[in-house]
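Beneath this line is the structure, given in structure tokens, with notes to follow.
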There are 2 protein chains.
Amino acid sequence: MMAKYKDIGIKLTPQRLAILGYLEGNKAHPSAEDIYNDLHAKYPTMSFATVYTTLATLRAKGCISELSIDPDKKRFDPNTSDHNHLICTSCKRVVDITVPFDLTLPEDSASDFMITGSHVEFFGICPECKKNNRYSREDMEKCV
Amino acid sequence: MMAKYKDIGIKLTPQRLAILGYLEGNKAHPSAEDIYNDLHAKYPTMSFATVYTTLATLRAKGCISELSIDPDKKRFDPNTSDHNHLICTSCKRVVDITVPFDLTLPEDSASDFMITGSHVEFFGICPECKKNNRYSREDMEKCV
DNA sequence: ATTAATGCAAACACTTTGCAATGGA
DNA sequence: TCCATTGCAAAGTGTTTGCATTAAT
């Protein structure tokens, strides 16, 4: 995410500024629906279409990244620097993992792919779900 | 995936046997649609509903796992043992990575989660897409 | 003034579900 | 026989798109 929105090179409409402001420093890895729901109260004219198209635009500009961490919906991350994630398989909360890992892939394991990146996901049960017993054996086996 | 299907403990209908046979040793990480398309020719009565419900049943029985590697559709893997994946961000081909990684997560990084598993995904461009120039800068930045 | 962005609603893609009919066990 | 499974079609999610209107530059 950029410091000054003008540098992004897109028209700064009130809707886009609201979305940019919402995402700035946001560590919740929100879905499009999360964003719409939270912003619609304050910006009644905010539409789903605008949220979706703005997210697509910001992604194309490299301002945010799209996570396929949740099998049921896309989640968005304003932190585009290299990092990994820890996911609660019960409530789908996602938290950042900033410790680095050595993910050197032996040349002969790469199947002649041109490797461009990697991502580690840890699965688990978050403290809240644990405390409230909101988890089952299935949740624990399920890796999102 | 089990050696003898009887051990799974489900009714072995022709449709389920077809799906089980299709998945056995399958390294393509097919989607429900892939499975339906490939089997429908041979088993004309095979329906989408049966594919979906059978996949859900097999997953609940622990015979297959569901991957959220592809943001647009669920992919299924009959290999339920611990392994990782390499994904072509252009054609969405998924290949197995069997080399192990040390993914020890420091206690203080786990945010009090009860860790239950992990998964590494590598992104890249497969040889076919590379050869046919079926990739863009966007594809290479896109991490599925 | 130009041209891109907006809101709406319809369309789309993937998945799930209700229900009567079927067929394994 | 009995009850789970099937196929169909409808419904349910999440996402994208066409288009007339609006507004940022």
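Per chain, numbering begins at 1; letters A, B, ... match sequence-line order.
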Calculate the interatomic distance between A/D34 atom CG and D/dG14 atom P; express it in whole Å.
10 Å

What is the separation between atom CD1 on B/I35 and atom P on C/dC14, rounded to the nearest whole Å?
14 Å

Rounded to whole Å, CG of A/D70 lies from P of D/dT13 at a distance of 15 Å

For A/M46 and C/dA5, give me the distance from atom CE to atom C1', rounded to whole Å.
12 Å

Residue list, ring pair (Phe, Tyr, Trp, His ring centres under 6.0 Å) with A/H85, at least two apart or on another chain:
A/H29, A/H83, A/H119

Which parts of nucleotides 15-25 of chain C does protein reach within less than 4.0 Å, heavy atoms only, written one letter per nucleotide 5' to 3' as B for base, S for sugar-phosphate only and - for none?
BBB-----BBS

Could you go through residues 100-112 of chain B and list every donor-acceptor pair under 3.5 Å that involves a side-chain atom there, pairing it with any protein atom two or more places apart or in another chain?
{"residue": "B/D102", "atom": "OD1", "partner": "B/T104", "partner atom": "N", "Å": "3.3"}
{"residue": "B/D102", "atom": "OD1", "partner": "B/T104", "partner atom": "OG1", "Å": "2.5"}

Separation of D/dT5 atom P from B/L58 atom CG, nearest Å, is 11 Å

Going by the rule side chain to side chain donor-acceptor pair (under 3.5 Å), which residues pair with B/T50 if we only count those two or more places apart in sequence or in a different chain?
B/S47

Nearest-angstrom distance from the residue atom OH of A/Y43 to P of C/dA5
19 Å

Could you state the NZ-C1' distance from B/K92 to C/dC14, rounded to the nearest angstrom?
14 Å

Which ring-ring contact (aromatic ring centres under 6.0 Å, His included) pairs, counting each pair once, include a residue from residues 43-74 of chain A, with sequence neighbours left out?
A/Y36-A/F48

Restricting to side chain to side chain donor-acceptor pair (under 3.5 Å), what partner residues turn up for B/E128, sequence neighbours left out?
B/R93

Whole-Å gap separating P (C/dA5) and CG (A/L17):
13 Å

Okay, side chain of B/S90, backbone of B/Y135: is any donor-acceptor separation there less than 3.5 Å?
no

